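Taking it in order: structure first as structure tokens, then the write-up.
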Amino acid sequence: MSGLKIFDIAGSGMNAQNLRLNLVASNISNANSVSSSLDQVYKARQPIFATEMQNALNKNSANGVNVLGVVESQAPPVMEYAPNHPLADATGYIYKPNVNSIEEMANMMSASRSYQNNIDVLNTAKTMLLDTLKLGQ
């Protein structure tokens with residue numbers, strides 16, 4: 001494995017964690033929104049990650065992260081009886097997103113730690129390469 005592949009792998013990890021953090025921000029910002037129908041209510045979104053299989057099949061080297069897509073949670077939205085709310089439907093219910101703030105905070109901390117770990121990998125690889133160049137001096 002070339003020394004420069006480390007930068008590609010860590011970069012793909014940082015990109016993946018950046019997407020994850022953006023989705024957490026979107027979920028948290030919409031956690032208290034209200035809708036008048038089940039179809040229009042915001043649904044929590046999560047990224048789907050995978051290793052880059054093609055690279056794994058070609059060589060026995062390490063692989064980066066591939067973002068396969070973003071999926072919406074299938075958990076049901078929260079129905080709340082509020083007949084006086086301006087967005088209440090004909091039966092008096094309003095609908096709130098299926099966002100779990102505690103899970104989102106845990107996802108945020110995990111993504112932040114993973115991002116920081118990728119930065120540490122980059123810094124360590126950079127230091128090792130610079131030290132290797134100094135060997136001949």
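As the structure is a prediction and not an experimental result, all values here were calculated from the model.
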So does [Y] get a backbone contact from the side chain of [X], meaning a donor-acceptor N/O pair under 3.5 Å?
X	Y	result
Q74	E72	yes
S12	V65	yes
N18	M14	no
S26	N22	no
T132	M128	yes
N98	A75	yes
N27	E104	no
S29	A25	yes

* Under the salt bridge (Lys or Arg N to Asp or Glu O under 4.0 Å) test, residues paired with E80 that sit two or more places apart -> K96
* **Contacts of type side chain to side chain contact (heavy atoms under 4.5 Å, CB included), residue E103, not counting sequence neighbours** =>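 If we apply the side chain to side chain contact (heavy atoms under 4.5 Å, CB included) test to E103, skipping adjacent residues, the hits are N100.
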* **More than 12 heavy atoms of other groups within 6.0 Å of I102 CD1** => no
* **Y115 with L19, same ILVMFWY side-chain cluster at under 4.5 Å** => no
* Asked: Is P77 close to L38 at the side-chain level, that is, under 4.5 Å between some pair of heavy atoms?
  ->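 A side-chain contact under 4.5 Å exists here.
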